[in-house]
Amino acid sequence: MTDRPDDATDLPRFAAQVLDVVDLVPPGQVVTYGDVAEYLGEGGPRRVGRVMSQHGGAVAWWRVLRADGTPAPGLESRAFAEYRREGTPLRPGGRRVDLSRARWTGDPAGSA
DNA sequence: ATAATGACGTCGG
DNA sequence: TCCGACGCCATTA
């Protein structure tokens with residue numbers, strides 16, 4: 001027992017929750033690092049970013065980006081490929097995501 | 001114990 | 001709009 005690896009693995013509780021939230025974000029929508037932290041009610045953007053850098057590959061990491069709408073450094077190319085594939089709304093110029101339209105608030109209306 | 005680093009966020013120029 | 005500085009928080013040197 002010892003503990004029940006809730007979902008993915010024997011990851012720390014916080015990390016598991018972060019990955020869980022990201023997994024809830026539907027295609028075509030995104031969330032910021034700060035939003036995830038706020039959604040969980042603990043930690044901070046920096047903390048979420050660390051989790052993603054270590055275990056981001058286990059989820060749709062491209063759906064988590066910075067507050068200004070720019071994806072994670074180094075992965076921009078792949079991220080934009082996904083945005084184009086999922087139809088994620090981008091801002092004029094196509095260099096960043098239109099958060100005003102693509103931001104997922106955690107509202108169940110979007111996931112179903 | 002102190003300093004530096006990192007998939008961040010906000011502010012000022 | 002782009003760039004730099006500072007603040008936050010946890011990990012690592």
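Residue numbering restarts at 1 for every chain, and letters A, B, ... go by the order of the sequence lines. Not measured: the values here are computed from a predicted model.
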message = Give the residues of residues 81-95 of chain A touching DNA chain C, defined as any heavy atom closer than 4.0 Å, sorted by residue number.
response = A:Arg91, A:Arg95
query = What residues form a side chain to side chain donor-acceptor pair (under 3.5 Å) with A:Arg95, not counting sequence neighbours?
reply = none
inquiry  = Within the structure provided, determine whether A:Val97 and A:Leu65 are in side-chain contact (heavy-atom separation under 4.5 Å).
reply    = yes
ask   = Can you find a pair of side-chain heavy atoms, one from A:Arg63 and one from A:Pro27, that are under 4.5 Å apart?
value = yes
query = Is the closest side-chain heavy-atom distance between A:Phe14 and A:Leu40 below 4.5 Å?
reply = yes
query = Going through the distances and angles, do A:Met52 and A:Val59 end up as a side chain to side chain contact (heavy atoms under 4.5 Å, CB included)?
reply = CA-CA 9 Å; A:Met52 292 302 291; A:Val59 292; 4.1 Å; yes
key: A:Glu38 atom CD, over 12 foreign heavy atoms within 6.0 Å   = no
request  = Give the first and the last nucleotide of DNA chain B, reading 5' to 3', that has any atom under 4.0 Å from a heavy atom of chain A.
outcome  = B:dG6 to B:dT10
key: Residue pairs, two or more places apart or on separate chains, that pass ring pair (Phe, Tyr, Trp, His ring centres under 6.0 Å) and touch residues 17-68 of chain A   = none
ask   = For A:Glu42, which residues count as a side chain to side chain donor-acceptor pair (under 3.5 Å) partner, sequence neighbours excluded?
value = A:Arg13
remark   = d(A:Asp23 CG, A:Leu19 CG) to nearest 0.5 Å is 8.5 Å
By ring-ring contact (aromatic ring centres under 6.0 Å, His included) - contacts of A:Tyr83 (at least two apart) = A:Phe80
ask   = If we ignore angles and hydrogens, is there a donor and acceptor under 3.5 Å between the side chains of A:Ser100 and A:Asp98?
value = yes
ask   = Where along residues 64-74 of chain A does a heavy atom fall under 4.0 Å from DNA chain B?
value = A:Arg66, A:Ala67, A:Ala72, A:Pro73
request  = Could you tell me which residues satisfy side chain to side chain donor-acceptor pair (under 3.5 Å) with A:Ser77, sequence neighbours excluded, listed by chain and number?
outcome  = none
Of residues 40-51 of chain A, the positions that come close to DNA chain B - non-hydrogen atoms, cut-off under 4.0 Å = A:Pro45, A:Arg46, A:Gly49, A:Arg50
remark   = Applying side chain to side chain contact (heavy atoms under 4.5 Å, CB included) to A:Arg103 and not counting sequence neighbours gives A:Thr32, A:Asp35
inquiry  = What's the separation between atom CZ in A:Arg91 and atom OG1 in A:Thr70, rounded to the nearest 0.5 Å?
reply    = 11.0 Å
message = Checking A:Ser53 now: which residues fulfil side chain to side chain donor-acceptor pair (under 3.5 Å) with it, not counting sequence neighbours?
response = none
request  = Name the first nucleotide and the last nucleotide along DNA chain C (5' to 3') that come under 4.0 Å of a heavy atom in chain A.
outcome  = C:dT1 to C:dT11
